[in-house]
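Here is the structure we will look at.
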Amino acid sequence: MKKLFILIIIILTLTFVSCSPCSFLDCISSNYSLSFRIVSVADGTDLVFGRKRIYDRNLFRFYSLKGIDTTFYALTSTGYYLNAPEDSVMHIQFYPMIDTAYMRLSNGDIDTLAMSFNTYKTKCCGTITDIINFRLNDKIDLPGNKGTQIIKK
């Protein structure tokens with residue numbers, strides 16, 4: 001009797017799991033990241049990693065302000081990114097989600113990044129958020145979800 005009960009439990013569990021449309025779904029996650037390169041507007045040379053660099057990436061600061069609180073974001077340059085050599089891409093994770101962030105370059109130049117997000121609810125994966133656009137210094141619109149972007153200075 002005990003074996004029959006265990007068998008019924010196993011069959012019901014397998015039936016429930018196999019009938020659930022979300023049981024084997026590999027969910028995408030939220031993306032609060034931006035990937036970009038800073039190049040010369042004159043000739044397109046890399047201004048951070050190239051031989052003609054004028055910025056020191058170790059002195060960059062990415063942050064946001066909320067009242068008297070400042071949140072700093074980490075800069076990385078690892079991984080594979082579309083449209084750019086691996087070692088010249090700056091990759092920033094802007095989490096917690098904010099509308100306006102600041103990029104302080106090594107020479108004291110401060111740029112404003114105004115971000116637009118797309119948040120949507122899914123049946124199986126909960127709420128997903130992506131940066132769909134960022135506006136640099138209220139002048140240049142760049143897609144946030146289209147790979148590595150080029151910032152010309």
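As the structure is a prediction and not an experimental result, all values here were calculated from the model.
- The distance from atom CG of L47 to atom NZ of K152, rounded to the nearest 0.5 Å, is 11.5 Å.
- Partner of D46 under the salt bridge (charged side-chain N to carboxylate O under 4.0 Å, His left out) criterion, chosen from R51, R37, K52, R57: R37.
- The cluster map of Ile, Leu, Val, Met, Phe, Trp and Tyr, joined by side-chain heavy atoms under 4.5 Å apart, puts Y55 and L75 in the same cluster.
- Between F62 and F94, the two ring planes are perpendicular [angle over 60°; tilted spans 30° to 60°].
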Which side-chain N or O atoms in residues 96-110 pair as donor and acceptor under 3.5 Å with protein atoms at least two apart or in another chain?
| from | atom 1 | to | atom 2 | distance (Å) |
| --- | --- | --- | --- | --- |
| S106 | OG | D56 | N | 2.8 |
| N107 | OD1 | D109 | N | 3.0 |
| D109 | OD2 | K153 | NZ | 2.9 |

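- When the side chains of ILVMFWY residues are joined at heavy-atom separations under 4.5 Å, either directly or via intervening members, M115 and Y63 end up in two distinct hydrophobic clusters.
- Considering CG of D130 and OG of S116, their distance stands at 12.5 Å, rounded to 0.5 Å.
- No more than 12 heavy-atom neighbours from other residues, nucleotides or ligands sit within 6.0 angstrom of CZ on R53.
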Steps toward side chain to side chain contact (heavy atoms under 4.5 Å, CB included) verdict (F36, L142): CA-CA 10 Å; F36 54 89; L142 297 167; over 6 Å; no
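- Crowding of Y95 atom OH: a count of heavy atoms from other residues, nucleotides or ligands under 6.0 Å not exceeding 12.
- Taken to the nearest 0.5 Å, the CE atom of M90 stands 6.5 Å off from the CD1 atom of I151.
- Shown here for S30 and I128, the closest heavy-atom pair between the two residues is OG-CA, 3.6 Å.
- Scanning both residues, K146 and P143, for their nearest heavy atoms gives CG-CB, 3.4 Å.
- Put simply, Y120 and I132 are part of two different groups of oily side chains (I, L, V, M, F, W, Y) that touch within less than 4.5 Å, one to the next.
- Contact detail for Q93 and Y73: the closest heavy-atom pair is O-CD2, 3.3 Å.
- L59 and V89 are members of different hydrophobic clusters when ILVMFWY side chains are connected at heavy-atom separations under 4.5 Å.
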Side chain to side chain contact (heavy atoms under 4.5 Å, CB included) evaluation trace for D138 with T112: CA-CA 7 Å; D138 206 27; T112 303; over 6 Å; no
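- Side-chain atoms of I38 and F60, non-hydrogen and from C-beta on, do get closer than 4.5 Å to each other.
- Side chain to side chain, D111 and N137 meet the donor-acceptor criterion of an N or O pair below 3.5 Å.
- For a disulfide, the SG atoms of both cysteines must be under 2.5 angstrom apart; this holds for C125 and C27.
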CA sep, side-chain torsions, deciding dist, call: L113, L136, side chain to side chain contact (heavy atoms under 4.5 Å, CB included): CA-CA 5 Å; L113 303 170; L136 180 67; 3.5 Å; yes
